[in-house]
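We number each residue from 1, following the sequence as shown. Quick caveat: nothing in here was measured; it's all calculated off a predicted structure.
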Amino acid sequence: MIPFIVIGCIILFFVFLFTVHAYITIEMADDMALTIRVLGIPIRILPKKPKTYNIKKYTLKKIRKRDAKAAQKALKKAESKKKKKAQKEQKKAEKKAELAKLSKEELRERKEKKKASRPALTDLIPLACNTLGLFFSRFFGKLHIKVAMLHVRVGASDAMQAAVIYGIANQAVQYFMEFLRKICTVKSYGNADIRIEPDFLSDKIEFEFNVTVRVSLGNVLGALFKAGWHFLVGFIKIKPDPEHPKGNRPPKAPKPPKAPKPEPIPCPEAPDHRA
């Protein structure tokens, strides 16, 4: 009975982990603030809490103990780094000795075989672009964004420049919000406090915002799994066959023969009037 209870608890834990939503609030005023809320419990990431010091931890005995521990840790790290470097040099020397035994023809054949086993760049780039597009469409399609406040004050060195920048900023904010509404779900857009104002008494551009993003771990992992599976299947399809490195692509059409150059037309000789 106990094993079933343990298995059930583990399943419930993962179901809870993948379905619970996290609310990420990004706020910008004087400083940037980043807070994550899970089940109503706030976890502040930025700004960091000021570090507090306990005087009891800074006695001479404890300081010496920490210094000795840090020196021992640094020694182990140096030894591990030295060992890894020696192993890397040994593998490099073995590979160099192995290549030295091969003839030029074998080296060329080996290089061509390795090159032929890789998919063509013209096939890999479209596959990577499609995979990224699938991931972003899947990921942003599950996002819920709430823009509570967005204030932009546009200033410049003179009033004319401030008016021009204000027009550009106003259009840019409108286009950006419309773009967000197309790729994800924007909640309470009509109630959002969005203001873009020119400031003719300042020469700086200042902005404040408060945005909350709702996301779950299941959405992120689902987007990663779907995009990864798409890339894996596509990579297997475009990977060349070792027996047929060129693949099953149709042969290129032969180039049309070059047209023969026209022969120069001889100019008629001018009559000799001296006769």
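Rounded to the nearest 0.5 angstrom, Cys9 SG and Ile5 CD1 are separated by 7.0 Å. A distance of 9.0 Å separates CD of Gln87 from NZ of Lys84, quoted to the nearest 0.5 Å. Once rounded to the nearest 0.5 Å, the distance linking CG of Leu224 with CG of Asn219 reads 11.0 Å. Met32 CE to Phe209 CZ: the interatomic distance, rounded to the nearest 0.5 Å, is 5.5 Å. Ile45 contributes atom CD1, which lies 11.5 Å from atom CD1 of Ile26 (distance to the nearest 0.5 angstrom). Here the straight-line distance linking atom CD of Glu98 with atom NZ of Lys101 works out to 7.5 Å at 0.5 Å rounding.
Shown here for Phe235 and Leu124, the closest heavy-atom pair between the two residues is CD1-CD1, 4.1 Å. Closest of all the heavy-atom pairs between Leu134 and Lys226 is CD2-O, 3.8 Å. When all heavy atoms of Val38 and Ala22 are compared, the closest pair comes out as CG2-CB, 4.1 Å. Residues Pro42 and Thr35 share a closest heavy-atom pair of CB-CG2, 4.1 Å. Glu208 approaches Ala29 most closely through the heavy-atom pair CG-CA, 4.1 Å.
Under a 3.5 Å cut-off, the side chain of Asn54 and the backbone N or O of Lys57 do not form any donor-acceptor pair. A donor-acceptor pair under 3.5 Å is formed between the side chain of Arg44 and the backbone N or O of Pro47. Listed for the Glu106 side chain is a donor-acceptor partner under 3.5 Å among the backbone atoms of Ser103. Side-chain N or O atoms of Asn130 include one that pairs as donor or acceptor with a backbone N or O of Pro126 at under 3.5 Å.
No side-chain heavy atom of His151 sits under 4.5 Å from any side-chain heavy atom of Phe207. Under the 4.5 Å side-chain criterion, counting only non-hydrogen atoms from C-beta, His21 is not in contact with Val215.
Applying the salt bridge (charged side-chain N to carboxylate O under 4.0 Å, His left out) test to Glu178 and every residue at least two apart in sequence or in another chain returns Arg181. For Glu206, the side chain to side chain donor-acceptor pair (under 3.5 Å) partners two or more places apart in sequence, or in a different chain, are Arg153.
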Given the rule in the side chain to side chain contact (heavy atoms under 4.5 Å, CB included) test, do Leu99 and Leu107 qualify, once you have shown the distances and angles that lead to the verdict?
CA-CA 8 Å; Leu99 293 176; Leu107 286 172; 3.8 Å; yes
Decide yes or no on side chain to side chain contact (heavy atoms under 4.5 Å, CB included) for Phe176 and Val173, but give the supporting numbers first.
CA-CA 5 Å; Phe176 178 71; Val173 169; 5.6 Å; no
Residues Val213, Tyr23; criterion side chain to side chain contact (heavy atoms under 4.5 Å, CB included); working and verdict
CA-CA 6 Å; Val213 180; Tyr23 294 84; over 6 Å; no
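One hydrophobic cluster, built from ILVMFWY side chains closer than 4.5 Å, cannot hold both Val154 and Tyr175; they sit in different ones. No chain of hydrophobic side-chain contacts below 4.5 Å, direct or via other Ile, Leu, Val, Met, Phe, Trp or Tyr residues, connects Leu143 to Phe225. No single ILVMFWY cluster, assembled from side-chain heavy atoms under 4.5 Å apart, contains both Met149 and Ile196. Ile165 is not connected to Phe200 by any chain of hydrophobic side-chain contacts under 4.5 Å among Ile, Leu, Val, Met, Phe, Trp and Tyr, and they are in different clusters. In the hydrophobic clustering of ILVMFWY residues, with side-chain heavy atoms under 4.5 Å counting as a link, Ile183 and Phe135 come out together.
Under a cut-off of 6.0 angstrom, the local environment of CG in Asp67 is crowded, with over 12 non-hydrogen atoms contributed by other residues, nucleotides or ligands. For CD of Glu109, the number of neighbouring non-hydrogen atoms (other residues, nucleotides, ligands) closer than 6.0 Å is 12 at most. The 12-atom threshold is exceeded at CD of Glu94, counting heavy atoms of other residues, nucleotides or ligands nearer than 6.0 Å. Heavy-atom contacts from other residues, nucleotides or ligands closer than 6.0 Å to CZ of Arg66 number more than 12.
A side-chain hydrogen bond (donor to acceptor under 3.5 Å, both in side chains) check over residues 131-150, counting only residues at least two apart or in different chains, returns the pairs His144-Arg214.
Screening Ile145, Ile24, Thr25 for a side chain to side chain contact (heavy atoms under 4.5 Å, CB included) with Val211, the sole residue that qualifies is Ile145.
Residues Arg195 and Asp193 are paired through a salt bridge, judged by an N-O separation under 4.0 Å between the basic side chain and the carboxylate.
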